[in-house]
Amino acid sequence: QVQLVESGGGLVQPGGSLRLSCAASGRIFSINAVGWYRQAPGKQRELVASILRSGRANYADSVKGRFTISRDNAKNTVYLQMNSLKPEDTAVYYCNFPDNGLSWGRGTQVTVSS
């Protein structure tokens with residue numbers, strides 16, 4: 001069973017950038033879809049970006065043009081490059097498999113504030 005660990009969160013100023021990493025304990029090559037989710041206090045968890053084995057990616061409208069999801073199957077890692085960050089991006093970010101999800105991990109906190 002693949003296990004996922006998120007990292008890379010932190011405090012960043014509005015307009016800044018951050019790169020999140022999702023490290024898998026096993027191979028992710030055979031897993032088609034991998035996604036990044038986020039949950040802000042008092043709000044529902046939402047899928048912000050997903051990527052297929054082919055490299056095709058989809059993004060929530062709120063992050064289009066600012067976030068880029070990528071995957072390195074050789075390193076069993078999925079990344080989320082976050083640029084032009086806004087205060088409303090503040091949330092705990094999680095990775096998971098949209099088609100066959102694991103239990104949610106601890107996530108990584110992203111705080112966008114000046």
Side-chain angles (χ1 to χ4, degrees):
Q1 180 68 34
V2 174
Q3 303 294 319
L4 303 173
V5 178
E6 303 92 343
S7 64
L11 176 64
V12 64
Q13 298 182 47
S17 298
L18 209 58
R19 189 178 77 158
L20 307 183
S21 297
C22 172
S25 62
R27 294 179 179 180
I28 63 171
F29 180 79
S30 63
I31 301 174
N32 188 38
V34 185
W36 278 99
Y37 303 75
R38 69 185 181 188
Q39 186 168 29
K43 296 186 177 180
Q44 185 176 349
R45 197 194 314 267
E46 64 173 337
L47 177 65
V48 300
S50 63
I51 186 168
L52 308 182
R53 283 176 57 179
S54 65
R56 182 175 296 276
N58 290 102
Y59 301 92
D61 288 341
S62 59
V63 307
K64 283 182 179 177
R66 301 189 298 118
F67 291 8
T68 302
I69 188 171
S70 61
R71 62 192 288 174
D72 187 335
N73 292 322
K75 295 182 178 180
N76 297 316
T77 303
V78 180
Y79 304 96
L80 185 67
Q81 179 66 47
M82 310 164 70
N83 299 325
S84 302
L85 284 162
K86 304 175 180 179
E88 51 262 45
D89 295 318
T90 296
V92 178
Y93 285 71
Y94 306 85
C95 57
N96 215 322
F97 307 123
D99 298 330
N100 189 23
L102 303 175
S103 59
W104 297 102
R106 287 183 288 273
T108 184
Q109 174 72 232
V110 172
T111 302
V112 184
S113 176
S114 59

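In this structure, Y37 is not a member of the same hydrophobic cluster as V34, with clusters built from ILVMFWY side-chain heavy atoms closer than 4.5 Å. V78 and V48 fall within the same hydrophobic cluster, where Ile, Leu, Val, Met, Phe, Trp and Tyr residues are linked whenever their side-chain heavy atoms come under 4.5 Å apart, directly or through other members. By the criterion of side-chain heavy atoms lying less than 4.5 angstrom apart, applied directly or through intervening Ile, Leu, Val, Met, Phe, Trp or Tyr residues, F67 is grouped together with V12 in one hydrophobic cluster. Cluster annotation: V92 is connected to L47 through the hydrophobic network of ILVMFWY side chains, with a link wherever side-chain heavy atoms come within less than 4.5 Å.
Heavy-atom contacts from other residues, nucleotides or ligands closer than 6.0 Å to CD of E88 number more than 12.
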Would you list the atom pairs, donor with acceptor, under 3.5 Å between side chains in residues 101-114 and any protein atom, with sequence neighbours excluded?
| unit_1 | atom_1 | unit_2 | atom_2 | d |
| --- | --- | --- | --- | --- |
| T108 | OG1 | G9 | N | 2.9 |
| Q109 | OE1 | T111 | OG1 | 3.4 |

Indicate every side-chain donor-acceptor pair of residues 51-60 with a distance under 3.5 Å to a residue at least two apart or in another chain.
| unit_1 | atom_1 | unit_2 | atom_2 | d |
| --- | --- | --- | --- | --- |
| R53 | NE | F29 | O | 2.9 |
| S54 | OG | R56 | N | 3.3 |
| Y59 | OH | I69 | N | 2.9 |

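For the residue pair L4 and N96, the shortest heavy atom distance occurs at CD1-CA, 3.7 Å. When all heavy atoms are compared, the tightest approach of A91 to A40 is CB-N, 3.8 Å. In terms of heavy atoms, A33 sits closest to P98 at O-CD, 3.4 Å.
One finds the CG atom of L18 at 9.0 Å from the CG atom of L80 (value rounded to the nearest 0.5 Å). Atom CE in M82 sits 8.5 Å away from atom CH2 in W36 (nearest 0.5 Å). In this structure, CG in L20 is found 7.5 Å from OH in Y93, a value given to the nearest 0.5 Å.
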- Applying side chain to side chain contact (heavy atoms under 4.5 Å, CB included), run through R38 and S62 and close with a yes or a no. CA-CA 12 Å; R38 69 185 181 188; S62 59; 3.4 Å; yes
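Residue pairs meeting the side-chain hydrogen bond (donor to acceptor under 3.5 Å, both in side chains) criterion with at least one member in residues 66-81, sequence neighbours excluded, are R66-D89, R71-N73, Q81-N83.
Two residues are said to be in side-chain contact when any heavy atoms from C-beta on lie closer than 4.5 Å; R45 and Y94 meet this criterion.
Judged purely by atom type and a 3.5 angstrom limit, S50 has no side-chain atom pairing as donor or acceptor with the backbone of G35. At distances below 3.5 Å, not a single donor-acceptor pair connects side-chain atoms of Q39 with backbone N or O atoms of Q44.
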